[in-house]
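Each chain gets a letter, A, B and so on, in the order its sequence line appears, and its residues count up from 1.
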Protein chains: 2
Amino acid sequence: MRDRPIDINRLFHALGDPTRRAILDRLVERPASVSRLAEPLGITLTAVVQHLQILEDARLVHTEKLGRVRVCRLETAGFRALEQWTRNHRTAWERKLDRFAELLSEEDKNP
Amino acid sequence: MRDRPIDINRLFHALGDPTRRAILDRLVERPASVSRLAEPLGITLTAVVQHLQILEDARLVHTEKLGRVRVCRLETAGFRALEQWTRNHRTAWERKLDRFAELLSEEDKNP
DNA sequence: AAGATACTGAAGCAACAACTTCAGTATTGT
DNA sequence: ACAATACTGAAGTTGTTGCTTCAGTATCTT
């Protein structure tokens, strides 16, 4: 379960929620416990844990239990997968843009 | 409504669905009508239109009605917004990675 | 003009998402 | 040992998604 390949659906889903992006922004600063993360969010601990599960699934966060505290840190795999996806699609997207530019300029010639 | 700034929530939400990503992949090849898009998807026209609405909201697709046909094309604004977001977060992410590398090597020194 | 085509709009429905509450279970501090 | 802390798990609620059906309305085509 730990090294499942990253599911792009889960990744986009994870990133689509503002609370989860807030958690990520928080973790960019430093690792934090669940309750510390919960503090500024105005939601219950339970809800935060649920968000964390989704972020872990997307490999954007890694957590580990130390004593009674669950320490949460950023994981890079998810973010790298996003960059990879974006890069892969960029080339196709660009090709298409070039093609349309062509079509357009041909239309200009033969209106 | 046309030039609303792009909402990152809508953007990620739009990209989080495989049917919608399939539509985008299709439109990278060439513009298409709603019914042409529907053909390989195995869902109703109505469902496709609903997906298109979400893609338009995210500025990933632009559609325009010509006669009785709605022609759908890729729009770049959404994709560019995604790249922008990724770029913006990359720097923060990198800073953090450096910091953790530091912390880690300090731990190595004082265990 | 009449039929075929290409959507459009409203309504409904099952599954899922983001919460909550409440009742635990470990760990830690005194 | 005992209380406080830091979660954990199950269950329930409310709203949103991704679909459907069905009944239109334009716009071709012949």
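- Taking atom CG of B:L66 as the reference point, atom P of C:dC7 lies 11 Å away to the nearest angstrom.
- B:T46 comes within 4.0 angstrom of a nucleotide base, judged by non-hydrogen atoms across all strands.
- For A:R36, the CZ atom counts as loosely surrounded, since its 6.0 Å shell holds 12 or fewer non-hydrogen atoms of other residues, nucleotides or ligands.
- Atoms CD (B:E39) and P (C:dA6) sit 9 Å apart, rounded to a whole Å.
- C:dC19 atom P lies 9 Å from atom CD1 of A:I23, rounded to whole Å.
- Side-chain atoms of B:R68 lie closest to D:dT29 of the nucleotides D:dT29, C:dT28, D:dT8.
- Within the 4.0 Å cut-off from OP1 or OP2 of D:dG18, not a single side-chain nitrogen or oxygen of B:T19 is found.
- Looking at B:Q50, its side chain has no donor and acceptor atom pair within 3.5 Å of the base of C:dT8.
- Formation of a donor-acceptor pair under 3.5 Å by the A:R10 side chain with backbone atoms of A:A58 is not found in this model.
- With rounding to the nearest 0.5 Å, the separation of CD1 in A:I43 from OG1 in A:T19 is 5.5 Å.
- Whole-Å rounding puts the A:I43 CD1 to C:dA18 P distance at 10 Å.
- Computed from coordinates, the B:E56 CD to C:dT8 C1' distance equals 14 Å when rounded to whole Å.
- Protein atom CG of B:L45 is 18 Å distant from nucleotide atom P of D:dT25, rounded to whole Å.
- Atoms CD (A:Q53) and C1' (D:dA10) sit 13 Å apart, rounded to a whole Å.
- Using a 4.0 Å heavy-atom criterion, one finds that B:S35 contacts the sugar-phosphate atoms exclusively.
- With rounding to whole Å, A:H13 atom NE2 is found 10 Å from D:dG18 atom P.
- B:H51 has a side-chain polar atom (N or O) that falls below the 4.0 Å cut-off from OP1 or OP2 of D:dC19.
- Remark: A:H62 NE2 to A:E64 CD distance equals 5.5 Å, nearest 0.5 Å.
- Proximity of A:K65 to the phosphate of D:dA6: no side-chain N or O atom is located under 4.0 Å from OP1 or OP2.
- B:R20 comes within contact range of the sugar-phosphate backbone alone, with a heavy-atom separation under 4.0 Å but no base atom that close.
- A tilted orientation is assigned to the rings of B:F79 and A:W85, their planes being inclined by 30° to 60°.
- Between B:R70 and the phosphate of C:dT8, there is a side-chain N or O to OP1/OP2 separation shorter than 4.0 Å.
- Distances shorter than 4.0 Å separate none of the side-chain N or O atoms of A:S33 from OP1 or OP2 on D:dA6.
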